[in-house]
Trainee: 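Sharing a structure with you now.
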Protein chains: 2
Amino acid sequence: MTDKKTFSRNKILKELYFEENLSCADLSIKIDKSFPVTAKLIENLIAVNLVIETGFAVSTGGRRPLTYALKQNVMYLVSVAMDQFVTRIVVMDMQNNFVSPIEKIVLPLPDNAGALEILKDKIIQVIYSSGIPKEKFVGIGIGMPGFVDVEKGINYSFLPLGNNKSITKYIADKIGLPVFIDNDSSLTALAELRFGAAKNEKDVMVVNIGWGVGLGLILNGVLFRGHEGFAGEFSHIPFFLNGKLCSCGKTGCLETETSLLLIVEKAKEGIAEGRLSKLSSLPFDNLEVASDGIMKAVLEGDQFAIEIFSKAGYNIGKGVAVLIHLLNPKLIILSGRGSSAGQIWQAPIQQALNEHCIPRLYQNTKIEISTLGIHAELIGAAALVMENYERIPVNKSHPALHEMS
Amino acid sequence: MTDKKTFSRNKILKELYFEENLSCADLSIKIDKSFPVTAKLIENLIAVNLVIETGFAVSTGGRRPLTYALKQNVMYLVSVAMDQFVTRIVVMDMQNNFVSPIEKIVLPLPDNAGALEILKDKIIQVIYSSGIPKEKFVGIGIGMPGFVDVEKGINYSFLPLGNNKSITKYIADKIGLPVFIDNDSSLTALAELRFGAAKNEKDVMVVNIGWGVGLGLILNGVLFRGHEGFAGEFSHIPFFLNGKLCSCGKTGCLETETSLLLIVEKAKEGIAEGRLSKLSSLPFDNLEVASDGIMKAVLEGDQFAIEIFSKAGYNIGKGVAVLIHLLNPKLIILSGRGSSAGQIWQAPIQQALNEHCIPRLYQNTKIEISTLGIHAELIGAAALVMENYERIPVNKSHPALHEMS
DNA sequence: GAAACTTCTTAAATAATTAAAGAAGTTAAT
DNA sequence: ATTAACTTCTTTAATTATTTAAGAAGTTTC
């Protein structure tokens with residue numbers, strides 16, 4: 001099989017990953033090949049047991065087309081979602097199911113020289129524990145905070161490796177699988193673009209509410225990363241004259257007035273000052289438990305918790321107003337950890353838009369809460385691998401692939 | 001000649017417009033056709049007198065390629081650049097020369113129901129005065145302020161036409177040439193992308209300093225317009241807590257602290273308060289003359305003028321810091337009317353970046369002053385027509401085109 | 001319930017790309 | 001300096017893919 005055919009063949013597998021059932025006509029358009037060529041390739045993929053027929057699609061006014069899907073249990077991925085404190089690792093299949101327990105480890109990234117090795121070992125362990133033979137793994141996708149150079153596989157903020165060596169190459173060499181990394185907010189956006197509320201949309205801003213406030217930009221239907229790959233630094237736009245020192249060293253950054261970290265902080269202060277609230281029993285030293293607890297209180301109607309979220313939401317809204325002016329998106333998605341608080345975000349953000357946006361600009365812009373929520377980054381990490389699937393050299397040891405003619 | 005061939009043929013003409021001399025190999029890549037097909041098309045274009053050989057390009061280590069260019073004096077364009085007060089119209093050739101005097105008319109756009117008809121009549125007059133037969137015109141490109149829907153040919157802010165009818169269709173029907181419109185800042189950016197400092201760059205912000213502060217976004221190598229085409233509303237991002245009322249009805253917009261309009265205002269105030277300066281003799285009731293005068297004073301070292309520009313520059317810089325955080329561009333270009341003030345902008349903007357940007361983000365971002373300056377919008381209007389050239393139906397009456405086989 | 005209209009599938013004709021060979025020019029080594 | 005090795009452009013021939021047209025299957029409308 002020639003290189004070009006392999007390329008088109010992999011494109012078919014990729015498209016079937018992103019869109020579970022597709023007809024030959026659909027695939028023909030998506031891989032930009034003619035119908036006869038596409039039909040031949042599908043025939044071939046069925047012969048080597050990677051693709052199966054899944055019946056007929058509903059008619060759109062004519063003969064019903066045969067649909068195809070990826071065969072189950074023949075290809076797998078490793079997804080890794082990191083934040084500054086906690087890292088999650090899981091094995092996923094091609095139907096976006098978690099097929100292993102989500103392994104959660106405490107792995108602080110700041111000033112941690114050994115983090116990369118721990119990560120690598122943990123990934124190996126997860127692969128091993130899954131009991132799935134390594135040949136069936138397509139690759140490893142990793143989302144991480146910091147300034148990430150996707151092409152070079154380097155993180156300029158965390159996981160140092162000396163001499164600007166490539167993180168992806170380091171792990172790939174040790175494990176023997178292709179590795180892809182990206183910024184956590186970019187992957188959250190990728191997940192929304194491929195499997196969430198941004199599906200088939202062209203211009204969408206995905207606000208990743210976590211310990212900071214990240215931003216993934218979908219522009220012209222693709223993930224936008226910028227000149228060096230650092231686009232989306234929403235957290236640190238100079239926005240307030242509050243004089244508050246930010247972790248980045250400047251003052252007045254957006255994240256000094258909004259973020260889950262600040263919300264936990266405010267809750268802690270309020271309780272210390274004697275505010276009556278369900279939050280009084282929270283363990284504020286454990287960020288994850290505390291922020292989950294505050295969000296739970298919001299959903300249960302706790303007044304103090306709602307008050308804190310409303311203020312944070314209003315400030316996010318002011319930032320969103322800037323995004324709308326500059327980029328005129330169709331949709332804003334609130335995703336990431338903080339999206340668990342649900343619809344509470346809507347009102348204060350809308351309020352901020354009413355005050356700070358030209359009506360013509362925001363009246364056709366919708367704001368939605370992500371349904372992927374906390375899992376967005378993991379799903380995005382898997383999608384990252386598949387985004388690059390046609391470029392991955394064929395895994396000669398794969399039980400199905402080596403039969404290809 | 002089939003439709004597909006016409007499409008490829010027009011793509012060749014388009015590429016030769018944007019890049020004066022190209023080899024067959026270059027063109028083959030640019031129009032995404034094989035060498036044999038491209039060679040045939042070029043042969044054909046030479047036969048009908050639209051393209052000529054222009055000798056050999058320098059060798060890149062092998063045989064020197066033959067180069068081709070558009071023949072002179074066979075195709076022309078009408079370019080129109082409008083701002084809120086003044087409209088300029090000119091005839092251009094395919095080598096980006098102005099082949100008629102630049103017709104400048106005072107045409108205030110706000111609350112002016114008759115503006116469109118005056119515009120149309122003036123365009124007709126310019127075409128007629130040029131003495132060039134109408135069949136040789138490819139089309140008309142128009143840049144205008146306001147919320148412009150490029151696809152529908154509608155301006156939601158100015159040039160009202162009742163029932164949301166299409167401006168492009170109106171003019172095209174009256175004149176009999178294809179018409180394209182776009183936002184003035186977008187066209188300024190297009191000019192920079194195709195013929196200016198942004199040539200061959202992928203991620204560039206073009207700040208259009210005029211009566212407001214516009215923004216044209218070049219992302220992934222193409223002009224970004226956003227969901228409804230309104231992207232780049234830099235002027236009105238909510239940015240200051242100054243309480244100053246903006247023309248848009250909100251307070252604290254970026255343009256309340258920077259723009260040529262504000263600069264003229266400040267100069268007028270200062271002089272009234274008795275500041276010593278060359279500016280004291282300026283006619284402040286004529287905006288164009290006044291702002292040109294202040295910029296001239298800047299270049300001559302007038303202290304008061306420089307002081308005003310420095311403050312405005314610093315505030316633009318704060319806005320640029322937001323752009324850099326969000327979009328990580330490689331280059332920022334200061335273009336439009338205000339770029340005449342030259343290098344004076346650099347220092348205060350750089351100062352603002354030093355204060356408000358994460359170093360890693362701005363250290364690889366260059367800031368340049370446009371060399372196209374005040375002509376950028378006119379050039380961009382011409383480029384707009386040629387951007388769409390392959391979609392324009394063939395002009396059967398063109399003296400060369402009707403000979404095509 | 002049949003006719004008109006869609007859409008999918010298959011097969012033949014057409015048009016493209018790819019590959020290979022030749023021509024022209026540059027660089028590096030003897 | 002001259003030749004050999006290497007690049008790159010151009011042309012031709014072989015291969016490959018796309019387009020077109022016809023047929024099959026299904027849906028909607030009158």
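By convention in this document, chain letters (A, B, ...) are assigned in the order of the sequence lines, proteins followed by strands, and residues within each chain are numbered from 1. Computed from a predicted structure; not experimentally measured. Quick note: numbers below take in every heavy atom, side chains included, and nothing from hydrogens, waters or symmetry partners.
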Trainee: Could you pull out all residues at least two apart from Lys33(B) that satisfy side-chain hydrogen bond (donor to acceptor under 3.5 Å, both in side chains)?
Mentor: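 So Lys33(B) forms no side-chain hydrogen bond (donor to acceptor under 3.5 Å, both in side chains) with any residue.
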Trainee: Measuring from the side chain of Val37(A) (C-beta onward, heavy atoms only), which nucleotide among dT17(C), dC8(C), dA17(D) has the closest atom?
Mentor: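 The answer is dA17(D).
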Trainee: Calculate the interatomic distance between Lys40(B) atom NZ and dT10(D) atom P; express it in whole Å.
Mentor: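 It is 15 Å, rounded to the nearest whole Å.
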Trainee: Tell me: CG of Leu66(A) to C1' of dT7(C), nearest whole Å?
Mentor: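 The answer, rounded to whole Å, is 13 Å.
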Trainee: Would you mind telling me which of Leu45(A), Val51(A), Asn44(A) makes a side-chain contact (heavy atoms from CB on, under 4.5 Å) with Arg9(A)?
Mentor: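 Output: one option passes, namely Leu45(A).
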Trainee: Nearest whole angstrom, please: distance from the C1' of dC9(D) to the CD1 of Ile42(B).
Mentor: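 Value for this atom pair: 12 Å.
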Trainee: Please state how far atom CG in Leu22(B) lies from atom P in dT8(D), giving the value in whole angstrom units.
Mentor: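 Those two atoms, CG and P, are 18 Å apart.
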Trainee: Angle between ring planes, Tyr17(A) versus Phe195(A), binned at 30° and 60°: parallel, tilted or perpendicular?
Mentor: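 Ring orientation, 0 to 90° scale: perpendicular.
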Trainee: Expressed in angstrom and rounded to an integer, what is the separation of Phe35(B) atom CZ from dT8(D) atom C1'?
Mentor: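 Taking CZ of Phe35(B) and C1' of dT8(D), I get 10 Å after rounding.
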Trainee: CG of Asp32(B) versus P of dA16(C): gap in Å, rounded?
Mentor: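 Distance check: Asp32(B) CG to dA16(C) P gives 13 Å.
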Trainee: At under 4.0 Å between heavy atoms, which parts of nucleotides 24-30 of chain D does protein reach? Answer with one letter per nucleotide, 5' to 3': B base, S sugar-phosphate only, - none.
Mentor: BBBS---
Trainee: Test side-chain hydrogen bond (donor to acceptor under 3.5 Å, both in side chains) on Ser370(B) and Glu192(B); report intermediate values, then the result.
Mentor: CA-CA 8 Å; Ser370(B) 170; Glu192(B) 297 291 348; 2.4 Å; yes
Trainee: Quick check on DNA chain C: between Pro36(A) and Pro65(A), whose nearest nucleotide comes earlier from the 5' end?
Mentor: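 Residue closer to the 5' terminus by nearest nucleotide: Pro65(A).
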Trainee: Parallel, tilted or perpendicular: which fits the ring planes of Phe98(B) and His375(B), with parallel below 30° and perpendicular above 60°?
Mentor: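 It falls in the perpendicular class, over 60°.
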Trainee: Could you state the OH-C1' distance from Tyr68(A) to dC8(C), rounded to the nearest angstrom?
Mentor: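 My rounded result for the distance is 10 Å.
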Trainee: Nearest heavy atom decides the nucleotide; on that basis, is Lys33(A) or Ser23(B) closer to the 5' end of DNA chain D?
Mentor: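 On the 5' side of the pair lies Ser23(B).
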Trainee: Is there a side-chain hydrogen bond (donor to acceptor under 3.5 Å, both in side chains) between Asn364(A) and Glu228(B)? Walk through the geometry before answering.
Mentor: CA-CA 9 Å; Asn364(A) 290 325; Glu228(B) 295 171 289; 2.5 Å; yes
Trainee: When you match Thr38(A) and Asp26(B) each to their closest nucleotide on DNA chain D, which lands nearer the 5' end?
Mentor: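 Final value for this comparison: Asp26(B).
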Trainee: Write down the distance between CZ (Phe7(A)) and P (dT16(D)), rounded to a whole number of angstrom.
Mentor: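 About 19 Å, once rounded to whole Å.
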Trainee: Under the side-chain hydrogen bond (donor to acceptor under 3.5 Å, both in side chains) test, which residues partner Thr168(A), sequence neighbours left out?
Mentor: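 Ser166(A).
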